[in-house]
Amino acid sequence: MTMAGMNPQPTILVEKLNVSFGDSHVVKDLSFTVSPGESYGIVGESGSGKSTVLRVLSGLNPDWSGTVAIDRQVQPKRRDKAFYRAVQMVFQDPYGSLHPKKTVDDALAEPLAIHGIGDAEKRIGRAMSEVGLPASFRFRYPHQLSGGQRQRVAIARALVLEPSILLLDEPTSALDVSIQAEVLNLLQALRQERKLTYILVSHDLAVVAHMCQRLLVMQFGRGVEEMTAQTLAARNPQTAYAQQLLTASEGFRRA
Ligand SMILES: Nc1ncnc2c1ncn2[C@@H]1O[C@H](COP(=O)(O)OP(=O)(O)OP(=O)(O)O)[C@@H](O)[C@H]1O
Ligand SMILES: [Mg+2]
């Protein structure tokens with residue numbers, strides 16, 4: 001692949017990524033780069049391979065081939081500890097990702113303990129305040145929180161290690177529409193304040209248009225079109241498939 005016209009020092013580089021589960025080939029020759037501080041969207045129908053790409057990037061899936069580089073370091077299948085500090089993932093379902101018998105404090109203290117980072121008291125307080133959770137919530141359990149508050153805990157847990165990259169897999173789609181915007185605005189503000197780099201997976205093109213500078217449309221495991229948010233907003237994709245996805249999402253919104 002020629003590097004002409006591309007960011008010479010991308011924060012994330014994926015080149016010819018292939019992923020199979022048994023005999024089903026679910027990610028096919030996928031290549032893209034994400035610039036420092038960029039928010040990059042991945043959209044596509046259910047089953048197109050979006051979460052699989054994030055799982056490979058985050059080190060959760062060891063069965064892949066191709067090249068993954070983070071901050072110009074080519075990544076082995078087994079990542080080192082520093083990687084797990086720098087790259088954090090936030091999942092769709094905050095109920096599923098938080099242990100029901102662990103308090104907010106436990107959830108935030110655990111990654112600090114795993115990485116041998118001291119100063120937990122201060123870091124937990126700071127992370128909670130950054131995501132807009134009152135200090136009085138510190139010893140609450142997940143069932144004592146709303147969906148939006150639970151997702152704030154999941155975001156705080158990702159931030160407590162002071163990562164540089166967040167991989168966000170449908171971070172608001174399990175939330176009530178009325179709180180989706182709040183959480184998205186929080187993520188937007190955090191990216192700016194902390195100079196984070198994001199990959200945001202969503203099936204909602206409006207969310208991606210709002211949150212991302214560029215996006216990749218996936219279909220059946222392939223990248224079919226990369227475009228800027230402006231191209232999306234101008235409803236001007238080049239491929240028939242991306243156009244169809246856009247029309248479908250607008251039809252859904254109008255309904
Ligand atoms: N652990 C696994 N074992 C077998 N097949 C899997 C596994 N994980 C994902 N797949 C398959 O890989 C394909 C891509 O799945 P993936 O979860 O990446 O899709 P997605 O684009 O995130 O979909 P959605 O929008 O529904 O979340 C699907 O066909 C899925 O069934
Ligand atoms: Mg998914």
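Counting convention: from 1, in listed order, for ligands and their atoms alike.
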Undergrad: Any protein heavy atom at under 4.0 Å, with atom 31 (O) of ligand 1 as the reference point?
TA: no

Undergrad: For atom 21 (O) of ligand 1, what's the nearest protein heavy-atom neighbour? Residue, atom name and distance, please.
TA: K50 NZ, 2.8 Å

Undergrad: Can you pull out the closest protein heavy atom to atom 29 (O) of ligand 1? Residue, atom name and distance to 0.1 Å, please.
TA: G47 O, 4.1 Å

Undergrad: Mark the output for G44 as yes if a heavy-atom distance to ligand 1 is under 4.0 Å, and as no if none is.
TA: no

Undergrad: Considering heavy atoms of the protein only, find what lies nearest to atom 26 (O) of ligand 1 and give residue, atom and distance to 0.1 Å.
TA: S46 OG, 2.5 Å

Undergrad: From S51, does some N, O or S atom reach closer than 2.8 Å to the Mg ion (ligand 2)?
TA: yes

Undergrad: Among all protein heavy atoms, pick out the one at the shortest distance from atom 15 (O) of ligand 1; state its residue, atom name and that distance to 0.1 Å.
TA: T52 OG1, 3.7 Å

Undergrad: For ligand 1, which atoms have a heavy atom of E45 less than 4.0 angstrom away?
TA: 21 (O)

Undergrad: Identify the closest protein heavy atom to atom 17 (O) of ligand 1: which residue and atom is it, and at what distance?
TA: S51 CB, 3.7 Å

Undergrad: Evaluate the side-chain proximity of L30 to R222: yes if any heavy-atom separation is below 4.5 Å, no if none is.
TA: no

Undergrad: Below the 3.5 angstrom mark, is there an N/O of V26, backbone or side chain, next to an N/O of ligand 1?
TA: no

Undergrad: Just jot down the salt bridge (Lys or Arg N to Asp or Glu O under 4.0 Å) partners of D105, sequence neighbours excluded, or say none.
TA: R138

Undergrad: Under 4.0 Å from a heavy atom of S48: give me the atoms of ligand 1 that qualify, with their elements.
TA: 19 (O), 21 (O)

Undergrad: Compute the shortest N/O to N/O distance between F21 and ligand 1 and return yes if it is under 3.5 Å, no if not.
TA: no

